[in-house]
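Everything on this sheet refers to the single structure shown next.
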Amino acid sequence: MLDAQSRDFVAMVDCNNFYVSCERVFQPALEGKPVVVLSNNDGCVIARSNEAKALGIAMGEPAFKRKAFFEGNGVRIFSSNYALYGDMSARVMQVLAGFSPEVEVYSIDESFLVFRAMQPDRLVQIAHDIWRTVQKWTGIPVCVGLARTKTLAKIANRLAKKTPASNGVWLLDEAEDIERQLAKIDVGDVWGIGRQYSRFLKASGIDTADKLEQAPRDWVKKHLTIAGLHTVLELGQIPCIAFEDNPPAAKSLVCSRSFGTRISELESLEEALSSYVQRAAEKLRVKKLMAGVVRVFAETSRFHPDPQYTGTGSQTLAAPTSYTPILHAQALRILRRIYRDGFKYQKVGVMFLELVQENNRQLSFIEPSGEERKKQQALMKMLDKANDKFGQRILTLASSGVGRKPWHMRQERKSPRYTTCWAELPMVK
DNA sequence: TCTGGGGTCCTAGGACCC
DNA sequence: TCTGGGGTCCTAGGACCC
């Protein structure tokens with residue numbers, strides 16, 4: 001835990017326009033040009049270069065509505081390439097690990113670093129060093145926000161991003177300075193205050209971060225729950241949000257996709273679900289986990305006027321497992337149970353819950369014998385190895401269908417996996 | 001035609017038990 | 001006729017994050 005009394009600081013390091021920056025590392029000609037990266041299915045804009053932001057392109061905007069605008073303004077468009085971004089992220093995080101023994105990787109493009117018993121001047125020097133080093137070694141530009149709490153460090157990071165003269169570093173430490181800055185921050189831009197809370201707070205006369213910090217604590221707890229109270233305390237330099245060095249194991253795992261076109265037939269839903277289950281089971285095994293519960297959902301699109309339906313169903317397994325055929329059979333059974341005729345489905349997905357470690361699970365009387373389990377594990381190991389070596393999906397269950405399917409997602413403008421797959425590099429094609 | 005995917009946490013309310 | 005109260009567990013829904 002951070003100590004409010006001593007001079008412990010937290011640095012929030014956030015990559016600038018991360019996905020766009022990743023694409024630019026390998027195509028430097030994109031520098032200075034408007035660039036956007038789209039979500040899965042080429043659906044919405046999920047990353048924008050500064051030039052794209054300046055053109056008024058919003059986060060989360062549906063790409064198809066802006067097609068003409070993109071063309072007219074020379075906006076370069078990319079489908080998302082998570083293999084590339086994940087690898088670049090690992091490189092950035094590795095550099096950061098050289099600056100503090102206490103690093104919390106918070107998301108693909110953000111980390112918190114703790115610096116204990118530090119003089120502010122020295123801290124700012126270190127932050128500039130981080131800024132320079134990450135850029136030089138990975139090609140990714142970052143900003144560094146410094147403060148006594150995570151929530152304030154997030155705000156400091158934002159200030160660094162919005163203020164070119166800051167050279168990528170901002171320190172929030174003196175109470176009066178914090179007060180002054182918070183007065184300029186929209187309450188909805190505070191970490192932990194989302195759309196609903198922002199609307200509610202503004203209706204209650206609280207429109208800036210400083211007013212939130214001064215709001216009565218019990219009123220905040222009543223309306224924004226305990227998490228909201230923590231946010232308010234953190235704005236007042238009281239650390240409440242724990243620093244997670246080694247994050248706890250995942251509690252759930254999902255694989256779902258929107259379809260390229262909406263589908264009605266159970267058979268197509270089964271094919272799609274089948275491939276998601278295989279993917280999810282694979283993730284399970286990579287993390288050395290087993291699922292105790294399988295949940296499946298199927299839903300229509302809320303953007304269409306057609307009748308809406310969301311079906312969900314769960315099944316507790318006789319014993320936790322990561323064996324694809326068992327998970328697959330359960331998932332299909334649930335799908336058939338929740339399927340309703342006459343709807344156009346936009347999405348199906350599978351969720352694994354009650355995850356347990358492979359090696360410390362509770363023994364059950366009904367689970368397969370040791371022999372049987374060993375056979376299953378050997379088979380999955382072989383499957384994962386082959387898919388890893390020869391590329392995704394060389395070995396799959398026949399039920400997930402063969403060849404290009406209409407429900408497959410669109411990905412029309414994906415860059416090569418420059419750093420992780422030689423077969424996709426431009427020169428060997 | 002076309003609007004992402006993957007997570008966590010908190011709370012209220014019902015079921016159930018003693 | 002009188003018709004408790006407290007604890008726990010589960011689930012659904014809603015909020016947040018990136």
Side-chain angles (χ1 to χ4, degrees), chain A residues 12 14-15 17-19 36-47 58-68 70 77-82 85-86 89 104-112 150-151 154 157 187-201 220-231 240-242 244 247-263 276 279-280 283-284 287 293 295 297 299-305 310 312-314 316 344 346-355 406-413:
Chain A
M12 145 73 12
D14 189 328
C15 302
N17 314 328
F18 182 57
Y19 297 167
V36 297
V37 176
L38 306 182
S39 62
N40 270 326
N41 226 12
D42 291 348
C44 331
V45 174
I46 53 167
M59 188 71 171
E61 259 191 290
F64 74 93
K65 284 190 181 168
R66 290 286 238 165
K67 212 170 163 213
F70 290 162
I77 305 163
F78 289 86
S79 302
S80 38
N81 183 347
Y82 289 103
Y85 310 150
S89 170
E104 174 188 340
V105 176
Y106 177 66
S107 75
I108 194 164
D109 67 338
E110 292 169 80
S111 269
F112 291 103
K150 286 177 155 185
T151 303
K154 286 281 262 187
N157 187 290
V187 74
D189 291 333
V190 174
W191 188 44
I193 305 300
R195 273 237 299 284
Q196 299 304 318
Y197 284 170
S198 175
R199 197 185 321 162
F200 166 75
L201 288 168
V220 169
K221 187 173 178 213
K222 178 164 174 231
H223 292 102
L224 274 60
T225 82
I226 189 77
L229 178 58
H230 287 161
T231 297
C240 295
I241 301 173
E244 306 266 9
K251 295 182 174 167
S252 66
L253 186 158
V254 181
C255 187
S256 74
R257 294 277 180 283
S258 289
F259 303 130
T261 55
R262 289 181 295 155
I263 55 180
Y276 306 158
R279 185 91 193 83
K283 288 198 225 172
L284 211 51
K287 298 183 179 192
V293 171
R295 178 173 296 167
F297 58 90
E299 58 194 39
T300 51
S301 169
R302 64 184 189 282
F303 297 107
H304 289 82
T310 299
T312 310
S314 306
T316 300
K344 290 180 183 161
Q346 173 66 27
K347 187 187 220 178
V348 294
V350 62
M351 194 181 297
F352 295 147
L353 304 159
E354 313 265 301
L355 306 184
W407 49 265
H408 283 169
M409 64 180 184
R410 282 181 301 276
Q411 279 197 320
E412 289 166 1
R413 298 158 182 273

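In what follows, every chain begins at residue 1, and chains take the letters A, B, ... in the order their sequences are listed.
- A:Asp42 comes within 4.0 angstrom of nothing in the nucleic acid, heavy atoms only.
- The 5' end of DNA chain B is approached more closely, in terms of each residue's nearest nucleotide, by A:Lys347 than by the other of A:Lys347 and A:Ile226.
- Note on A:Ser80: nothing from the nucleic acid sits closer than 4.0 angstrom, heavy atoms only.
- In terms of heavy-atom proximity, A:Thr231 sits nearest to A:Gly192 at OG1-CA, 4.4 Å.
- If you check every strand for non-hydrogen atoms under 4.0 Å, A:Glu110 touches sugar and phosphate atoms only.
- Within the 4.0 angstrom heavy-atom criterion, only backbone atoms of the sugar-phosphate kind lie near A:His304; the bases stay farther away.
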Going through the distances and angles, do A:Thr225 and A:Tyr197 end up as a side chain to side chain contact (heavy atoms under 4.5 Å, CB included)? CA-CA 11 Å; A:Thr225 82; A:Tyr197 284 170; 4.1 Å; yes
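- A centroid separation of 6.0 Å or more is found between the aromatic rings of A:Phe70 and A:Phe64.
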Applying side chain to side chain contact (heavy atoms under 4.5 Å, CB included), run through A:Ser79 and A:Leu38 and close with a yes or a no. CA-CA 5 Å; A:Ser79 302; A:Leu38 306 182; 5.7 Å; no
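- By the neighbour-count criterion of 12 heavy atoms within 6.0 Å, atom NZ of A:Lys221 is sparsely surrounded, having that number or fewer from other residues, nucleotides or ligands.
- When heavy atoms are screened at a 4.0 angstrom cut-off, A:Lys222 is found touching no nucleic acid atom at all.
- Using a 4.0 Å heavy-atom criterion, one finds that A:Ile193 contacts the sugar-phosphate atoms exclusively.
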Tell me, with the steps shown, if A:Glu110 and A:Met12 meet side chain to side chain contact (heavy atoms under 4.5 Å, CB included). CA-CA 7 Å; A:Glu110 292 169 80; A:Met12 145 73 12; 3.6 Å; yes
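- Bracketed by its first and final contacts, the part of DNA chain C lying under 4.0 Å from non-hydrogen atoms of chain A reaches from C:dA15 to C:dC18 in 5' to 3' order.
- Among the heavy atoms of the strands, none lies under 4.0 Å from A:Ile108.
- A:Lys251 comes within 4.0 angstrom of sugar-phosphate atoms only, judged by non-hydrogen atoms across all strands, and of no base.
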Base-pair map of DNA chain C as dot-bracket, where | denotes pairing with a different strand and pairs are Watson-Crick or G-U under 3.5 Å: ....||||||||||||||
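- With both ends at atom C1', the span from B:dG4 to C:dC17 equals 15 Å, rounded to whole Å.
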Going through the checks in order, is the side chain to side chain contact (heavy atoms under 4.5 Å, CB included) test met by A:Phe200 and A:Leu224? CA-CA 10 Å; A:Phe200 166 75; A:Leu224 274 60; 3.9 Å; yes
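- Along DNA chain B, the nucleotide closest to A:Ser256 and the one closest to A:Pro248 are compared, and the more 5′ of them pairs with A:Ser256.
- Partners of A:Phe78 under the ring-ring contact (aromatic ring centres under 6.0 Å, His included) rule, at least two apart in sequence or in another chain, do not exist in this structure.
- Closest of all the heavy-atom pairs between A:Ser252 and A:Leu353 is CB-CD2, 3.6 Å.
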